[in-house]
Amino acid sequence: MSTQTPVLAGKVAVVTGGGRGIGKMITRGLLEAGAKVYISSRKDADLKSAVEELSPLGEVRAVSADLGTAHGVETLAGYLSERESRVHALFNNAGANWGAPLEEFPDSAWDKVLSVNVKGVFALTQALLPLLKAAATPEDPARVINTGSVDGLRAPAPGFNNFSYSASKAAVHMLTRQLAGTLAPDVLVNAIAPGLFESKMTAGILSLGTDAVADQIPLKRIGRPEDMAGIAVFLTSPASSYITGAVIPVDGGILSTG
(Lines give C-alpha, C1' and ligand atoms only; values in the text may rest on other atoms or scores of the structure.)
Protein backbone atom coordinates (compact mmCIF):
# COMPACT_ATOMS: atom_id res chain seq x y z
CA MET A 1 0.00 0.00 0.00
CA SER A 2 1.31 3.45 -0.95
CA THR A 3 1.82 5.93 1.88
CA GLN A 4 2.74 8.83 -0.39
CA THR A 5 1.19 12.14 0.70
CA PRO A 6 -1.24 13.54 -1.89
CA VAL A 7 0.39 16.35 -3.86
CA LEU A 8 -2.14 18.98 -2.71
CA ALA A 9 -2.57 17.81 0.87
CA GLY A 10 -3.09 20.76 3.23
CA LYS A 11 -4.02 23.18 0.44
CA VAL A 12 -7.28 25.14 0.26
CA ALA A 13 -8.73 25.84 -3.17
CA VAL A 14 -11.72 27.82 -4.42
CA VAL A 15 -13.47 26.89 -7.68
CA THR A 16 -16.13 29.27 -8.96
CA GLY A 17 -18.71 27.73 -11.23
CA GLY A 18 -17.80 24.48 -9.50
CA GLY A 19 -21.23 22.92 -9.55
CA ARG A 20 -21.10 21.47 -13.05
CA GLY A 21 -19.13 21.14 -16.27
CA ILE A 22 -15.48 22.14 -16.30
CA GLY A 23 -15.69 23.50 -12.76
CA LYS A 24 -16.80 20.14 -11.42
CA MET A 25 -14.02 18.41 -13.37
CA ILE A 26 -11.48 20.75 -11.76
CA THR A 27 -12.98 20.22 -8.31
CA ARG A 28 -12.83 16.44 -8.66
CA GLY A 29 -9.17 16.57 -9.60
CA LEU A 30 -8.27 18.85 -6.71
CA LEU A 31 -10.10 16.66 -4.19
CA GLU A 32 -8.45 13.52 -5.50
CA ALA A 33 -5.08 15.25 -5.10
CA GLY A 34 -5.81 16.01 -1.43
CA ALA A 35 -7.02 19.63 -1.43
CA LYS A 36 -9.92 21.05 0.54
CA VAL A 37 -12.22 22.76 -1.96
CA TYR A 38 -14.87 25.47 -1.77
CA ILE A 39 -17.17 25.66 -4.79
CA SER A 40 -19.56 28.43 -5.76
CA SER A 41 -22.36 28.80 -8.27
CA ARG A 42 -25.47 30.83 -8.91
CA LYS A 43 -27.54 27.63 -8.85
CA ASP A 44 -28.17 25.93 -5.52
CA ALA A 45 -29.34 22.70 -7.15
CA ASP A 46 -26.02 22.31 -9.00
CA LEU A 47 -24.09 22.91 -5.80
CA LYS A 48 -26.11 20.39 -3.81
CA SER A 49 -25.71 17.73 -6.50
CA ALA A 50 -21.97 18.36 -6.82
CA VAL A 51 -21.36 18.18 -3.06
CA GLU A 52 -23.30 14.92 -2.82
CA GLU A 53 -21.32 13.43 -5.70
CA LEU A 54 -17.86 14.66 -4.71
CA SER A 55 -17.90 14.52 -0.89
CA PRO A 56 -16.63 10.91 -0.82
CA LEU A 57 -13.41 12.19 -2.43
CA GLY A 58 -12.58 14.80 0.22
CA GLU A 59 -13.75 17.93 2.01
CA VAL A 60 -15.86 20.12 -0.28
CA ARG A 61 -18.12 23.00 0.74
CA ALA A 62 -20.55 25.02 -1.35
CA VAL A 63 -21.42 28.72 -1.38
CA SER A 64 -24.21 30.24 -3.46
CA ALA A 65 -23.02 33.47 -5.08
CA ASP A 66 -23.58 35.42 -8.30
CA LEU A 67 -20.08 36.63 -9.11
CA GLY A 68 -21.35 38.99 -11.77
CA THR A 69 -22.41 41.27 -8.91
CA ALA A 70 -20.52 43.08 -6.16
CA HIS A 71 -22.83 41.47 -3.59
CA GLY A 72 -21.97 37.99 -4.86
CA VAL A 73 -18.24 38.67 -4.67
CA GLU A 74 -18.62 40.05 -1.15
CA THR A 75 -20.69 37.04 -0.11
CA LEU A 76 -18.11 34.51 -1.26
CA ALA A 77 -15.11 36.47 0.03
CA GLY A 78 -16.79 36.98 3.39
CA TYR A 79 -17.70 33.31 3.72
CA LEU A 80 -14.12 32.27 3.02
CA SER A 81 -12.58 34.88 5.32
CA GLU A 82 -14.70 33.64 8.22
CA ARG A 83 -13.51 30.07 7.76
CA GLU A 84 -9.99 30.17 6.37
CA SER A 85 -6.82 32.14 7.09
CA ARG A 86 -5.26 31.14 3.76
CA VAL A 87 -6.36 30.24 0.24
CA HIS A 88 -3.69 28.54 -1.85
CA ALA A 89 -5.50 28.49 -5.18
CA LEU A 90 -8.36 30.42 -6.75
CA PHE A 91 -9.93 29.04 -9.90
CA ASN A 92 -11.93 31.81 -11.59
CA ASN A 93 -14.09 29.46 -13.64
CA ALA A 94 -17.62 30.88 -13.39
CA GLY A 95 -18.82 31.97 -16.79
CA ALA A 96 -21.75 33.18 -18.83
CA ASN A 97 -22.49 32.92 -22.55
CA TRP A 98 -24.95 34.39 -25.03
CA GLY A 99 -25.74 33.51 -28.61
CA ALA A 100 -27.74 35.52 -31.13
CA PRO A 101 -27.35 36.68 -34.73
CA LEU A 102 -25.33 39.87 -35.15
CA GLU A 103 -28.37 41.93 -36.12
CA GLU A 104 -30.24 40.83 -32.99
CA PHE A 105 -27.40 40.75 -30.45
CA PRO A 106 -28.57 42.87 -27.48
CA ASP A 107 -26.66 45.28 -25.23
CA SER A 108 -27.71 43.15 -22.26
CA ALA A 109 -25.67 40.25 -23.65
CA TRP A 110 -22.52 42.32 -23.28
CA ASP A 111 -23.41 43.47 -19.77
CA LYS A 112 -24.22 39.97 -18.52
CA VAL A 113 -21.25 38.17 -20.06
CA LEU A 114 -18.58 40.75 -19.29
CA SER A 115 -19.79 41.22 -15.71
CA VAL A 116 -19.26 37.53 -14.93
CA ASN A 117 -16.42 36.55 -17.25
CA VAL A 118 -14.15 39.57 -16.83
CA LYS A 119 -15.26 41.95 -14.09
CA GLY A 120 -16.06 39.08 -11.75
CA VAL A 121 -12.64 37.51 -12.29
CA PHE A 122 -10.91 40.76 -11.38
CA ALA A 123 -13.17 41.56 -8.43
CA LEU A 124 -12.88 38.16 -6.77
CA THR A 125 -9.12 38.03 -7.25
CA GLN A 126 -8.91 41.48 -5.67
CA ALA A 127 -11.15 40.47 -2.76
CA LEU A 128 -9.19 37.30 -2.00
CA LEU A 129 -5.71 38.80 -2.24
CA PRO A 130 -5.17 38.87 1.55
CA LEU A 131 -5.95 35.14 1.80
CA LEU A 132 -3.85 34.31 -1.25
CA LYS A 133 -0.84 36.29 -0.05
CA ALA A 134 -1.13 34.68 3.39
CA ALA A 135 -0.78 31.26 1.71
CA ALA A 136 2.22 32.20 -0.43
CA THR A 137 5.78 31.11 0.31
CA PRO A 138 8.94 31.81 -1.72
CA GLU A 139 9.11 28.12 -2.66
CA ASP A 140 5.42 27.70 -3.43
CA PRO A 141 3.49 30.89 -4.29
CA ALA A 142 -0.29 31.08 -4.21
CA ARG A 143 -2.15 30.52 -7.45
CA VAL A 144 -4.87 32.19 -9.49
CA ILE A 145 -6.02 30.11 -12.45
CA ASN A 146 -8.54 31.68 -14.83
CA THR A 147 -10.70 29.79 -17.28
CA GLY A 148 -10.30 31.27 -20.74
CA SER A 149 -11.21 29.56 -24.01
CA VAL A 150 -9.85 28.68 -27.41
CA ASP A 151 -12.55 31.11 -28.59
CA GLY A 152 -10.44 33.86 -27.02
CA LEU A 153 -7.37 32.74 -28.99
CA ARG A 154 -8.91 32.44 -32.44
CA ALA A 155 -12.09 33.77 -34.02
CA PRO A 156 -15.04 31.38 -33.79
CA ALA A 157 -16.30 30.11 -37.13
CA PRO A 158 -19.13 32.03 -38.84
CA GLY A 159 -22.43 30.98 -37.33
CA PHE A 160 -21.08 30.68 -33.80
CA ASN A 161 -22.65 33.95 -32.75
CA ASN A 162 -21.06 34.21 -29.29
CA PHE A 163 -19.65 37.70 -29.81
CA SER A 164 -19.54 38.82 -26.18
CA TYR A 165 -18.25 35.44 -24.99
CA SER A 166 -15.25 35.25 -27.33
CA ALA A 167 -14.36 38.88 -26.62
CA SER A 168 -14.63 38.24 -22.87
CA LYS A 169 -12.28 35.27 -23.04
CA ALA A 170 -9.68 37.25 -24.98
CA ALA A 171 -9.97 39.81 -22.18
CA VAL A 172 -9.47 37.08 -19.57
CA HIS A 173 -6.24 36.04 -21.28
CA MET A 174 -4.87 39.58 -21.26
CA LEU A 175 -6.02 40.16 -17.69
CA THR A 176 -4.19 36.96 -16.72
CA ARG A 177 -0.95 38.25 -18.20
CA GLN A 178 -1.25 41.65 -16.57
CA LEU A 179 -2.13 40.22 -13.16
CA ALA A 180 0.80 37.81 -13.43
CA GLY A 181 3.21 40.72 -13.67
CA THR A 182 1.45 42.70 -10.97
CA LEU A 183 1.19 39.91 -8.38
CA ALA A 184 4.60 38.27 -8.86
CA PRO A 185 6.35 36.80 -6.95
CA ASP A 186 3.69 36.09 -4.31
CA VAL A 187 0.91 34.86 -6.60
CA LEU A 188 1.24 32.98 -9.89
CA VAL A 189 -1.51 33.78 -12.38
CA ASN A 190 -2.21 31.50 -15.34
CA ALA A 191 -5.14 30.64 -17.58
CA ILE A 192 -6.51 27.43 -19.01
CA ALA A 193 -8.03 27.77 -22.48
CA PRO A 194 -10.32 24.76 -22.93
CA GLY A 195 -11.42 23.42 -26.26
CA LEU A 196 -14.48 21.21 -26.46
CA PHE A 197 -15.56 19.56 -23.21
CA GLU A 198 -18.99 18.26 -22.31
CA SER A 199 -20.94 20.96 -20.47
CA LYS A 200 -24.20 22.88 -20.62
CA MET A 201 -22.42 25.54 -22.66
CA THR A 202 -21.37 23.04 -25.36
CA ALA A 203 -24.62 21.04 -25.42
CA GLY A 204 -25.73 22.70 -28.65
CA ILE A 205 -22.69 21.76 -30.71
CA LEU A 206 -22.50 18.28 -29.19
CA SER A 207 -26.13 17.70 -30.16
CA LEU A 208 -24.80 17.39 -33.72
CA GLY A 209 -23.19 14.13 -32.62
CA THR A 210 -20.10 13.67 -30.47
CA ASP A 211 -18.32 11.49 -33.02
CA ALA A 212 -18.99 13.90 -35.88
CA VAL A 213 -17.73 16.85 -33.85
CA ALA A 214 -14.71 14.94 -32.53
CA ASP A 215 -13.69 14.06 -36.08
CA GLN A 216 -12.90 17.76 -36.64
CA ILE A 217 -10.41 17.74 -33.74
CA PRO A 218 -6.84 16.55 -34.45
CA LEU A 219 -6.88 14.13 -31.48
CA LYS A 220 -10.26 12.80 -32.68
CA ARG A 221 -12.07 13.16 -29.36
CA ILE A 222 -13.53 15.79 -27.09
CA GLY A 223 -11.94 16.60 -23.75
CA ARG A 224 -12.33 14.17 -20.87
CA PRO A 225 -12.77 15.10 -17.21
CA GLU A 226 -9.30 13.78 -16.41
CA ASP A 227 -7.78 16.13 -19.01
CA MET A 228 -9.11 19.14 -17.12
CA ALA A 229 -8.36 17.64 -13.72
CA GLY A 230 -4.76 17.01 -14.75
CA ILE A 231 -3.97 20.57 -15.81
CA ALA A 232 -5.74 21.95 -12.74
CA VAL A 233 -3.69 19.83 -10.34
CA PHE A 234 -0.47 20.63 -12.19
CA LEU A 235 -1.07 24.39 -12.01
CA THR A 236 -1.83 24.15 -8.29
CA SER A 237 1.10 21.90 -7.42
CA PRO A 238 4.76 22.78 -6.76
CA ALA A 239 5.57 21.39 -10.23
CA SER A 240 4.27 24.66 -11.75
CA SER A 241 6.05 27.05 -9.40
CA TYR A 242 8.09 28.62 -12.25
CA ILE A 243 5.12 29.30 -14.53
CA THR A 244 3.15 32.54 -14.52
CA GLY A 245 1.40 34.59 -17.18
CA ALA A 246 0.75 31.51 -19.34
CA VAL A 247 -2.41 30.80 -21.30
CA ILE A 248 -2.46 27.04 -21.79
CA PRO A 249 -4.73 25.51 -24.46
CA VAL A 250 -6.30 22.18 -23.50
CA ASP A 251 -7.99 21.62 -26.81
CA GLY A 252 -6.93 18.39 -28.49
CA GLY A 253 -4.97 20.37 -31.08
CA ILE A 254 -7.77 22.65 -32.32
CA LEU A 255 -5.48 25.67 -32.41
CA SER A 256 -2.90 23.77 -34.44
CA THR A 257 -5.33 23.72 -37.37
CA GLY A 258 -5.38 27.52 -37.54
Side-chain angles (χ1 to χ4, degrees), residues 14-23 26 39-43 63-77 80 87 89-100 102 105-129 131-132 142-156 160-184 187-195 197 199-202 228 231-232 235 244-251 255:
V14 178
V15 182
T16 70
R20 67 186 185 199
I22 284 174
I26 290 170
I39 61 174
S40 74
S41 172
R42 288 166 286 177
K43 299 185 181 298
V63 189
S64 180
D66 179 357
L67 299 176
T69 68
H71 175 71
V73 171
E74 292 167 3
T75 296
L76 179 54
L80 293 166
V87 167
L90 166 61
F91 284 81
N92 284 308
N93 172 75
N97 194 8
W98 196 295
L102 176 61
F105 207 84
D107 285 347
S108 59
W110 288 95
D111 296 335
K112 175 184 177 180
V113 171
L114 291 176
S115 68
V116 177
N117 294 8
V118 185
K119 186 177 178 180
V121 168
F122 180 85
L124 186 60
T125 301
Q126 186 181 50
L128 294 188
L129 271 180
L131 294 178
L132 289 163
R143 310 295 206 273
V144 172
I145 298 103
N146 301 322
T147 298
S149 173
V150 293
D151 282 355
L153 292 169
R154 57 98 169 98
F160 289 90
N161 297 319
N162 58 347
F163 303 103
S164 57
Y165 177 81
S166 57
S168 76
K169 292 305 182 179
V172 167
H173 299 160
M174 184 53 69
L175 180 60
T176 296
R177 295 183 179 109
Q178 185 168 7
L179 288 175
T182 301
L183 296 179
V187 182
L188 309 181
V189 187
N190 295 293
I192 301 168
F197 284 76
S199 70
K200 183 179 179 181
M201 206 172 282
T202 61
M228 191 53 57
I231 190 65
L235 287 175
T244 195
V247 178
I248 303 173
V250 184
D251 67 346
L255 292 175

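Atoms considered below: every heavy atom in the structure, side chains included; atoms not considered: hydrogens, waters and symmetry mates. Nothing here was measured: the structure is a model prediction, and the numbers come from that model.
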Residue set satisfying side chain to side chain donor-acceptor pair (under 3.5 Å) with N190, at least two apart, ordered chain then number -> none
So CG of D66 and NZ of K43: to nearest 0.5 Å the spacing works out to 10.0 Å
Distance col, row I192:CD1 vs H173:NE2, nearest 0.5 angstrom, shows 10.5 Å
Output for pair (L128 CG, L76 CG), nearest 0.5 Å, gives 6.5 Å
Closest non-hydrogen contact found for G148 with Y165 is O-OH, 4.5 Å
Hey, mind stepping through L188 and V144 against side-chain contact (heavy atoms from CB on, under 4.5 Å) and telling me if it holds? CA-CA 6 Å; L188 309 181; V144 172; over 6 Å; no
One should read off an interatomic distance between F163 CZ and W110 CH2, to the nearest 0.5 angstrom, of 8.5 Å
For V113 and A96, the nearest pair of non-hydrogen atoms, with its separation, is CG1-O, 3.7 Å
Answer yes or no: is there a donor N or O on one side and an acceptor on the other, between the side chain of R143 and the main chain of L90, under 3.5 Å? no
On a heavy-atom basis, the closest approach of A100 and F105 is O-CD1, 3.4 Å
Those residues at least two apart in sequence (or on a different chain) that pass salt bridge (charged side-chain N to carboxylate O under 4.0 Å, His left out) with D151 are R154
What one should report as the nearest heavy-atom pair of P249 and L153 is CG-CD1, 4.3 Å
Heavy-atom closest pair (A127 atom, V73 atom, distance to 0.1 Å) is CB-CG1, 4.0 Å
Value for NZ (K169) from CG (L175), rounded to nearest 0.5 Å, stands at 11.5 Å
Check: Can any side-chain N or O of T16 pair as donor or acceptor with the backbone N or O of A94 at less than 3.5 Å?
Finding: yes
### Query
Can you tell me if K112 uses its side chain to pair, donor with acceptor, with the backbone of D107 under 3.5 Å?
no
Report task. Ignoring hydrogens and angles, tell me if any N or O in the side chain of N92 forms a donor-acceptor pair with the backbone of T125 under 3.5 Å. Result -> no
Only residue of N97, N162, N117 satisfying side chain to side chain donor-acceptor pair (under 3.5 Å) with S168 is N117
OG of S149 to CZ of F197, rounded to nearest 0.5 Å, is 11.0 Å
* Assess whether side chain to side chain donor-acceptor pair (under 3.5 Å) is satisfied between T176 and N146, documenting all intermediate values. => CA-CA 7 Å; T176 296; N146 301 322; 2.9 Å; yes
